[in-house]
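Shown next, in structure tokens, is the structure this report addresses.
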Amino acid sequence: MQSARVSRTARHTRPSCRPQRAVAVRVSAKVNVEQLKALKAELYNYINSRGCNPISVRLGWHDSGTYDKNIAEFPARGGANGSIRFKPEIDHGANKGLAIALAILNPIKKKYPDVSYADLFQMASATAIEASGGPKIPMRYGRKDAKGPEECSPDGRLPGAAHPFADGSGSPAEHLRRVFYRMGLNDQDIVVLSGGHTLGRARPERSGFGAEKTKYTDVGPGTSTASPSGATDRPVTPKPVGQQGTSWTVNWLEFDNSYFKEIKAKRDSDLLVLPTDACIFEDDQFRPYAEKYAADQAAFFADYCVSHQKLSELGVEWEEGAPVTLD
């Protein structure tokens with residue numbers, strides 16, 4: 001799926017991907033569309049007001065990224081089923097720090113009891129992208145939840161960042177392919193989803209990577225309390241000051257194609273380049289996509305929409321009357 005090209009200036013109108021073919025909305029008692037709509041409206045400003053866009057994206061990704069296409073049964077196959085809210089999954093090494101995201105979202109969840117946790121986590125992830133200047137992702141809702149800790153995904157399904165890789169991979173590219181191919185994703189998905197690191201930071205106390213702080217995390221992204229890039233149509237984001245960790249980009253609360261530009265240039269020691277970042281320009285199959293997205297933000301946004309939606313539906317079991325769309 002592709003969308004029309006838009007300029008960097010034009011993207012501040014919050015570009016959306018070309019709409020997919022309309023999905024019939026059949027409302028059942030288990031899919032409360034009105035609550036979903038109200039939740040989406042509240043999340044848009046709530047996430048930005050707390051500057052929690054990056055961790056909201058990470059929560060959604062880590063819930064869905066456990067999917068194993070080789071397992072048929074739900075929820076044993078993993079994926080976007082809300083199981084990350086339970087121990088032991090939330091305590092897996094790759095999920096360190098994500099209990100904070102649960103604490104941020106749980107008060108809102110109580111206001112919308114008919115919305116599943118799986119839908120909440122995926123909606124928060126997509127909304128965080130849109131509210132930080134990224135594209136509007138064509139999401140669908142009505143996911144069923146895993147019911148308890150016994151339905152958690154096993155540890156070790158999420159990607160690592162550097163050697164030694166738990167799966168024994170000899171290179172970062174091999175590791176990424178093993179993990180993402182297991183999910184049913186492809187090389188283009190791997191590269192375009194890597195661009196999500198334009199948001200956020202790596203924090204040493206959580207991942208073991210990054211410095212305690214850099215010149216970008218210490219003073220916060222941007223120069224004001226508004227959008228880091230100065231866009232006028234964005235919700236106000238408090239400028240975080242004295243934050244920990246190392247970011248991949250300068251304006252790490254602004255969703256754009258800066259990640260690809262910075263990884264390619266490796267211009268600044270205060271910006272993070274992990275082995276699994278560097279490989280998207282080093283691997284022969286990854287490189288054409290990385291070059292494309294570094295040169296063309298509109299192409300990045302269009303392809304990102306496709307891959308993010310795909311990721312958000314991995315392993316999903318739909319409620320009766322679902323999936324539904326909100327727009």
For the pair [X] and [Y], find out whether any cationic side-chain nitrogen is under 4.0 Å from an anionic carboxylate oxygen.
{"X": "Arg157", "Y": "Glu89", "result": "no"}
{"X": "Arg140", "Y": "Glu313", "result": "yes"}
{"X": "Lys292", "Y": "Asp296", "result": "no"}

Checklist entry - What pairs meet the salt bridge (charged side-chain N to carboxylate O under 4.0 Å, His left out) rule with one or both residues in residues 198-215, with sequence neighbours excluded? => result Arg203-Glu205, Lys213-Asp218, Lys215-Asp268
Checklist entry - What salt bridge (charged side-chain N to carboxylate O under 4.0 Å, His left out) pairs are there with at least one residue in residues 43-70, not counting sequence neighbours? => result none
Using modelled atom types only, decide if a donor and an acceptor are shared between the side chain of [X] and the backbone of [Y] within a distance under 3.5 Å.
{"X": "Ser247", "Y": "Val250", "result": "no"}
{"X": "Asn106", "Y": "Leu102", "result": "yes"}
{"X": "Thr66", "Y": "Ser153", "result": "no"}
{"X": "Ser83", "Y": "Cys152", "result": "no"}
{"X": "Ser64", "Y": "Trp61", "result": "yes"}
{"X": "Asn48", "Y": "Ala131", "result": "yes"}
{"X": "Gln122", "Y": "Ala118", "result": "no"}
{"X": "Arg178", "Y": "Asp167", "result": "yes"}
{"X": "Arg85", "Y": "Ala146", "result": "yes"}
{"X": "Thr127", "Y": "Ala124", "result": "no"}

For [X], salt bridge (charged side-chain N to carboxylate O under 4.0 Å, His left out) partners two or more places apart:
{"X": "Lys96", "value": "none"}
{"X": "Arg77", "value": "Glu317"}
{"X": "Lys110", "value": "none"}
{"X": "Lys111", "value": "Glu42"}

Next on the checklist: Distance alone, cut at 3.5 Å: any donor-acceptor contact between the side chains of Asn81 and Asp145?
Outcome noted: no
Next on the checklist: Whether the Gln297 and Asp256 side chains hold a donor-acceptor pair (N or O, under 3.5 Å, no angle test) is what I'd like checked.
Outcome noted: no
Next on the checklist: Please list all pairs meeting ring-ring contact (aromatic ring centres under 6.0 Å, His included) that have one or both residues in residues 128-172, counting only residues at least two apart or in different chains.
Outcome noted: His163-Phe165, Phe165-His175
Count I, L, V, M, F, W, Y as connected when their side-chain heavy atoms are under 4.5 Å apart, and connections chain through other members. Are [X] and [Y] then in the same cluster?
{"X": "Ile71", "Y": "Leu311", "answer": "no"}
{"X": "Leu158", "Y": "Leu59", "answer": "no"}
{"X": "Leu314", "Y": "Phe74", "answer": "no"}
{"X": "Tyr117", "Y": "Phe86", "answer": "no"}

Next on the checklist: For a side chain to side chain donor-acceptor pair (under 3.5 Å) check, start with the C-alpha distance between Ser258 and Thr249, then their side-chain angles and the critical distance, and finish with the verdict.
Outcome noted: CA-CA 6 Å; Ser258 294; Thr249 63; 5.6 Å; no
Using side-chain hydrogen bond (donor to acceptor under 3.5 Å, both in side chains) as the criterion, list what pairs up with [X], not counting sequence neighbours.
{"X": "Glu291", "answer": "Lys264"}
{"X": "Ser125", "answer": "none"}
{"X": "Thr217", "answer": "Thr214"}
{"X": "Asn95", "answer": "His62"}

Item to check | Centroid separation Tyr304 to Phe255 less than 6.0 Å | outcome: yes
Item to check | Lys266 and Glu282: CA distance, side-chain angles, deciding distance, salt bridge (charged side-chain N to carboxylate O under 4.0 Å, His left out) verdict | outcome: CA-CA 13 Å; Lys266 298 181 181 178; Glu282 296 167 350; 3.8 Å; yes
Checklist entry - In the hydrophobic clustering (ILVMFWY, side-chain contacts below 4.5 Å, transitive), which residues join Trp318, or is it alone? => result Val316
Non-hydrogen side-chain atoms of [X] and [Y] separated by less than 4.5 Å:
{"X": "Asp270", "Y": "Thr246", "value": "no"}
{"X": "Phe209", "Y": "Pro204", "value": "no"}
{"X": "Tyr293", "Y": "Gln188", "value": "yes"}
{"X": "Val273", "Y": "Trp248", "value": "no"}
{"X": "Leu326", "Y": "Met123", "value": "yes"}
{"X": "Val31", "Y": "Leu36", "value": "yes"}

Next on the checklist: Would Phe121 and Leu105 count as a side chain to side chain contact (heavy atoms under 4.5 Å, CB included) here? Give the steps.
Outcome noted: CA-CA 8 Å; Phe121 299 158; Leu105 293 176; 4.2 Å; yes
Item to check | Evaluation steps, side chain to side chain donor-acceptor pair (under 3.5 Å), between Tyr216 and Asn251 | outcome: CA-CA 8 Å; Tyr216 300 116; Asn251 287 330; over 6 Å; no
Next on the checklist: Before you tell me yes or no, could you show the steps for Glu319 and Arg143 under salt bridge (charged side-chain N to carboxylate O under 4.0 Å, His left out), namely the whole-Å CA-CA distance, both residues' side-chain angles and the distance that decides it to 0.1 Å?
Outcome noted: CA-CA 6 Å; Glu319 295 282 8; Arg143 295 167 182 78; over 6 Å; no
Item to check | cation_pi(Arg177, Phe286) dist<6.0 Å, angle<=45 | outcome: yes
Next on the checklist: Between Ser116 and Lys144, is the side chain to side chain contact (heavy atoms under 4.5 Å, CB included) condition met? List the steps.
Outcome noted: CA-CA 7 Å; Ser116 68; Lys144 290 184 179 181; over 6 Å; no
Next on the checklist: For a side chain to side chain donor-acceptor pair (under 3.5 Å) check, start with the C-alpha distance between Asp187 and Tyr289, then their side-chain angles and the critical distance, and finish with the verdict.
Outcome noted: CA-CA 9 Å; Asp187 284 358; Tyr289 298 113; over 6 Å; no
